2 protein chains.
Amino acid sequence: MARWQPDARGRLAAAALELFAERGFDQTTVTDIAARAGLDKRTFYRLFGDKREALFSGSELLEQTLVAAVAASEAAPFDTVVAAYRRVAEEIFTDRLETVRLRQSIIDSSPELKERELRKMGSLAAAVAVALRARGVDEVTATLATESGATVFRVAFARWLGSGGGSSLAELVAEVAAELRAVTAGA
Amino acid sequence: MARWQPDARGRLAAAALELFAERGFDQTTVTDIAARAGLDKRTFYRLFGDKREALFSGSELLEQTLVAAVAASEAAPFDTVVAAYRRVAEEIFTDRLETVRLRQSIIDSSPELKERELRKMGSLAAAVAVALRARGVDEVTATLATESGATVFRVAFARWLGSGGGSSLAELVAEVAAELRAVTAGA
DNA sequence: ACGGTCATGTCGCATAGTGACATCACTGCT
DNA sequence: AGCAGTGATGTCACTATGCGACATGACCGT
């Protein structure tokens, strides 16, 4: 049997990204992905829950970063969440516009992948809400601050991808947060 | 060949709901659903995109109601969206607590179904945003008002299902909207 | 009665995803 | 060295999803 593969998970994720970009998500089989990584289909399924997961292997880091930032903050709930997303923007998305754009174009081309993306953002939000409650924030406030913060990030993210990249994602997050305040205040 | 089945879609949706409740989503095959409705597996796939869709056949009505309410309103964007969800709460969810609770318990028991629910809420939100923009609201404001309104509805919905049903969903929507204003204002 | 739709059934197929078992590299112990 | 155990991987077989292609039979208008 082939020796244990160094970083099998990473190699599979990379192979999946390449193939999805080359032929599209639906036109790529799990066997294809495994073959490109020099592994078996069964091994893929031991490292990833399903085919879609191969595109979301970075979300653990995202969640860790986000939760840590929330736990470290002492600001008001909504400000905390927005600041945490800004932190993520700086630490994870800086200088990655093109990489992120490619990945996002793949996701946007497949309804299945969009579904999974929504699920990931939802579980991110749930983790943030838990971190907020650990700070003594009541549940409803935690949920509302969390979801509003996620909305701000989504809008800022879309704007970042859309425009050439003149401003940083972190700046855009701050801007959009201000706009949300205006909208809910009754603009 | 059997005569054309009256309301085949509705019968399949009902059969699916029953079976999901009896044995769970994963333990129910599409062939089972079709058999209970007296139809063939292939017919199911002609009427529903996939197995999950059978649980979401009501979402077209939801979207229509929501969009109509948005189009008819002239209030500020966020108020418009909240009012539209209140309208939906009154017209579609009144006196359906137990039915809705059953359906939701099925959805909550399967990650796949939760994913699909998120997608449905997302497409609902997209439709609302389009309706808002048709009223001349700029895109970012429309998105933020739309997403914030959806958040309010989700939280109110969860609270409605959680508590015995003393207050109506419409009332809860109004309450949560007020709380969201407080949270984004900096509670 | 005849031809044309159209919903449905039948058949076959590629693929997703999983359980069970075999295999081999590496580790530590004797 | 040798040997048992562990853990990652491969192999095989299987169920279920979802879809293309074609057949069939009920209904409709003329």
Side-chain angles (χ1 to χ4, degrees), chain A residues 1-57 106-107 109-117 119-120, chain B residues 1-57 106-107 109-117 119-120:
Chain A
M1 199 137 299
R3 286 200 245 325
W4 296 353
Q5 301 285 358
D7 193 22
R9 228 184 108 92
R11 300 230 323 272
L12 283 165
L17 180 67
E18 288 172 20
L19 287 165
F20 294 164
E22 287 171 19
R23 342 176 172 159
F25 179 76
D26 292 325
Q27 280 61 50
T28 302
T29 73
V30 173
T31 304
D32 292 336
I33 300 170
R36 175 158 307 196
L39 293 164
D40 188 82
K41 169 190 162 193
R42 198 66 184 82
T43 299
F44 178 94
Y45 281 112
R46 286 199 188 90
L47 297 171
F48 296 96
D50 59 38
K51 191 172 136 189
R52 297 164 212 96
E53 282 294 308
L55 253 188
F56 295 90
S57 58
I106 294 171
I107 292 174
S109 73
S110 154
E112 286 186 77
L113 288 171
K114 274 195 242 169
E115 262 182 9
R116 178 55 50 86
E117 185 189 32
R119 168 162 152 190
K120 288 295 178 187
Chain B
M1 194 138 303
R3 287 197 243 325
W4 293 355
Q5 301 286 358
D7 193 22
R9 230 185 108 93
R11 302 231 322 271
L12 283 166
L17 181 67
E18 289 172 20
L19 287 165
F20 293 166
E22 288 171 19
R23 340 176 172 160
F25 179 75
D26 291 326
Q27 279 60 51
T28 303
T29 72
V30 173
T31 305
D32 292 336
I33 299 171
R36 173 156 311 194
L39 293 164
D40 190 82
K41 170 190 160 193
R42 197 66 184 82
T43 299
F44 178 94
Y45 281 111
R46 286 200 189 91
L47 296 171
F48 297 96
D50 59 37
K51 191 171 133 188
R52 298 166 214 103
E53 281 295 307
L55 254 188
F56 296 90
S57 57
I106 294 170
I107 293 174
S109 72
S110 156
E112 286 186 79
L113 287 171
K114 273 195 241 169
E115 263 181 8
R116 179 56 49 86
E117 185 190 31
R119 170 162 150 190
K120 288 294 179 185

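Just so we're clear, the structure is a prediction, and the values are computed from it rather than from any experiment. Basis for what follows: all heavy atoms, side chains included, without hydrogens, waters or symmetry-related copies. All chains are named by letter (A, B, ...) in the order of the sequence lines, taking the proteins before the strands, and each is independently numbered beginning at 1.
Of all nucleotides listed (C:dG17, D:dG18, C:dT8), C:dT8 comes nearest to the side chain of B:Ala8. For A:Thr43, counting side-chain heavy atoms from C-beta on, the closest listed nucleotide (D:dG10, D:dT17, C:dG9) is D:dG10. In the set D:dT9, C:dT8, C:dG19, the nucleotide with an atom closest to the side chain of B:Gln5 is C:dT8.
Salt bridge present: A:Lys120 and A:Glu53 bring a charged side-chain N and a carboxylate O closer than 4.0 Å. Between A:Glu22 and A:Arg36, at least one side-chain nitrogen of the basic residue sits less than 4.0 Å from a carboxylate oxygen of the acidic one, meeting the salt-bridge criterion.
Base engagement by A:Asp40 is indicated by at least one non-hydrogen atom pair under 4.0 Å involving a base atom. Contact annotation for A:Arg52: backbone-only contact, meaning every heavy-atom pair under 4.0 Å involves sugar-phosphate atoms and none involves a base.
In this structure, A:Asp32 places its CG atom 14 Å from P of C:dG17, rounding to the nearest Å. Taking atom CD of A:Gln27 as the reference point, atom C1' of C:dA16 lies 15 Å away to the nearest angstrom. In this structure, the CZ atom of B:Arg11 is 12 Å from the C1' atom of C:dT8, given to the nearest Å. Residue B:Phe44 contributes atom CZ, which lies 19 Å from atom C1' of C:dT10 at whole-angstrom precision. Here C:dA25 presents its P atom at 16 Å from CG of A:Leu39, a figure rounded to the nearest Å. When rounded to the nearest whole Å, the span between CG of A:Asp7 and P of D:dT9 equals 11 Å. Summarising the geometry, the separation between OH on A:Tyr45 and P on D:dG10 is reported as 15 Å, rounded to the nearest angstrom. In this structure, CZ of B:Phe48 is placed 14 Å from P of D:dC19, rounded to the nearest angstrom.
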Quiz item: Should B:Arg42 and B:Asp40 be marked as a salt bridge (charged side-chain N to carboxylate O under 4.0 Å, His left out) after you check the CA-CA gap, both sets of side-chain angles, and the distance that decides it?
Solution: CA-CA 5 Å; B:Arg42 197 66 184 82; B:Asp40 190 82; over 6 Å; no
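Where B:Lys51 and B:Arg46 meet DNA chain D, the nucleotide closest to each residue was compared, and B:Lys51 sits on the side nearer the 5' end. Take the nearest nucleotide of DNA chain C for A:Thr29 and for A:Arg42: the residue whose nucleotide is more 5' is A:Thr29.
Note that the CZ atom of B:Phe44 and the CD1 atom of B:Ile33 stand 4.5 Å from one another [nearest 0.5 Å]. Taking CG of A:Leu39 as the start and OG1 of A:Thr31 as the end, the distance is 12.0 Å to the nearest 0.5 Å.
Checked by distance alone, A:Lys41 brings a side-chain donor or acceptor within 3.5 Å of a matching partner on the base of C:dG17.
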